[in-house]
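Numbers for residues simply follow the sequence, beginning at 1. All ligand and atom numbering here is 1-based and tracks the order in the structure.
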Amino acid sequence: MRFVDEYRDKEQVRSLVRAIRQVVTRPWHIMEICGGQTHAIARYRLEEMLPEEVKLLHGPGCPVCVTPVGIIDRALELAKRPDVILASFGDMMRVPGSREDLLQIKARGADIRILYSPLDAVSLAADHPDKKIVFFAIGFETTAPVHMMALKEAARRKLGNFYLHTSLFTVPPAIEAILSDPESRVDGFLAAGHVCAITGNGAYRHLAEKYKTPIVVTGFEPADLLLGIYCCLLQLEAGIYKVENVYKRVVPEEGNLPARALMEETLELCDQEWRGLGTIPQSGLRLKEIFARQDASHLLPALDAKAHKQCLEATALGVEKGQCIAGDIMRGTKQTKDCPFFGTLCTPDHPVGVPMVSSEGVCAAYYRYK
Ligand code: SF4
């Protein structure tokens, strides 16, 4: 398949590994941001090909993993309403809230539909005018434009019964939170190509300069990832710290201008809680006031201060039985091998933490491929 096979070519992979071995003179830690990249790294066993000086860390780029407990609990409340059909990506079904998950309440009769696109939820709204259709819109800058397309399409079709329950995140503030952590071990980043395909690369430049950390925009195939690692190492070994785009076949410098314009029209930045990481200032996206009518949070009573505090505390404590170290793994201070539950108490069939449930979760990747 064109644009795929050449980036899985064994000879190309071998030659990149050779080049990496030649350039490395000392230990380095490189973090890939995206869960899709983590899965590719595990699937193609790239870590095993690298010299022992190069360690890969796996960042917080799985939106399912970082969606906080409070937002899951609100989705559960919405789904329990008899006048609501809650639509969601399949990944969300087994993500634990503070007491239960969507699959459990679906089994008890809640009308929850698994969809592949928020645009399918618009059709659902047209087909069920007597119901409120709530799409559980999670994701990073990659998927936010598609959610906003659905919002605008529902408005265009005058579907007053379409709502979004949002859990939307932006990547650069998370990178900054990791880099400003005194315990951080990250020397360089591989930025997620599909996010930059929307946002462009500009938002990363000041981070590379401020924290003296190379950020290399990278794709998802083995040769893409190894090239990203190689370019990151070249910078580190030479003491250069800049944003470099090695995924130019997909990522234009300025990103996707229509998608950016749509996000600017509909969304605004807000402080956002990340499961396992805590609250990161200005790292979330919420609907602008002019779209408030389509914000599903208005279907529920507002959280009072006490309930809001309880939600925050539940996440801070880790409702994953208090023992999941996913936050430390996503911060780069620990690895899956440091978790005593990995593969024993915590498996995809019996997950303790979200990264073992989500198809983009780091623990699921290691369990499946290693
Ligand atoms: S193996 Fe399970 S408990 Fe351990 S960090 Fe991963 S998700 Fe959390």
Side-chain angles (χ1 to χ4, degrees), residues 29-43 45-48 55-73 75-76 88-104 136 138-140 167 169 174 177-178 181 183-186 192 273-280 311-370:
H29 289 91
I30 297 176
M31 175 179 274
E32 85 281 355
I33 281 289
C34 170
Q37 292 175 328
T38 306
H39 273 250
I41 286 165
R43 178 179 174 193
R45 300 196 162 269
L46 300 189
E47 286 176 294
E48 287 88 331
K55 297 278 184 272
L56 298 184
L57 307 173
H58 312 298
C62 159
V64 175
C65 303
V66 295
T67 291
V69 175
I71 291 182
I72 307 280
D73 282 350
L76 290 159
S88 169
F89 295 135
D91 272 15
M92 294 307 296
M93 297 301 289
R94 294 178 59 224
V95 177
S98 55
R99 283 177 296 280
E100 53 197 351
D101 60 38
L102 288 171
L103 199 59
Q104 286 168 322
F136 195 173
I138 74 154
F140 287 91
S167 179
F169 304 84
I178 289 167
D181 183 340
E183 288 181 37
S184 172
R185 297 187 294 166
V186 180
E273 190 194 345
W274 297 55
R275 191 171 194 150
L277 299 181
T279 299
I280 301 177
C311 276
L312 288 176
E313 283 170 359
T315 300
L317 288 170
V319 290
E320 301 95 344
K321 302 185 178 113
Q323 296 128 340
C324 175
I325 60 164
D328 295 329
I329 293 173
M330 291 187 287
R331 229 180 259 116
T333 55
K334 287 193 176 158
Q335 294 174 285
T336 49
K337 66 180 169 57
D338 299 321
C339 178
F341 305 110
F342 179 84
T344 53
L345 283 182
C346 185
T347 65
D349 288 335
H350 300 284
V352 174
V354 186
M356 191 58 95
V357 184
S358 166
S359 64
E360 289 198 4
V362 56
C363 301
Y366 272 68
Y367 187 89
R368 180 165 181 195
Y369 297 114
K370 301 205 175 202

*Is the backbone N or O of Y369 less than 3.5 Å from a side-chain atom of R45, with the two atoms forming a donor-acceptor pair by type?*
yes
*Hey, can you tell me if F140 and F169 have their rings parallel, tilted or perpendicular (30° and 60° cut-offs)?*
tilted
*State, yes or no, whether a side-chain contact exists between I329 and T336 at a heavy-atom distance under 4.5 Å.*
yes
*Looking only at heavy atoms, is any part of T336 under 4.0 Å from ligand 1, and if so is it the side chain, the backbone, or both, or is it neither?*
neither
*Numbered atoms of ligand 1 (with element) below 4.0 Å of C339, judged on heavy atoms*: 1 (S), 3 (S), 4 (Fe), 5 (S)
_C346, portion touching ligand 1 at heavy-atom distance under 4.0 Å_ = side chain
*Would you mind listing which atoms of ligand 1 come within a distance below 4.0 Å of any non-hydrogen atom of C363?*
1 (S), 5 (S), 6 (Fe), 7 (S)
_Could you measure the distance from the OG1 atom of T333 to the CG atom of D328? Nearest 0.5 Å is fine._
4.0 Å
*Quick one: pull up CE in M330 and CD1 in I178 and give me the separation to the nearest 0.5 Å.*
9.0 Å
*Working to the nearest 0.5 Å, report the span between CD of E32 and NE2 of H39.*
10.0 Å
_So if I count the atoms of ligand 1 from 1 in the order they appear, which ones are less than 4.0 Å from some heavy atom of I329?_
5 (S)
*Any idea which of P348, G353, C324, P351 brings a heavy atom closest to atom 8 (Fe) of ligand 1?*
C324
*Run the numbers for me: atoms of ligand 1, each under 4.0 Å from some heavy atom of F342, listed by number.*
1 (S)
_So if I count the atoms of ligand 1 from 1 in the order they appear, which ones are less than 4.0 Å from some heavy atom of A326?_
5 (S)
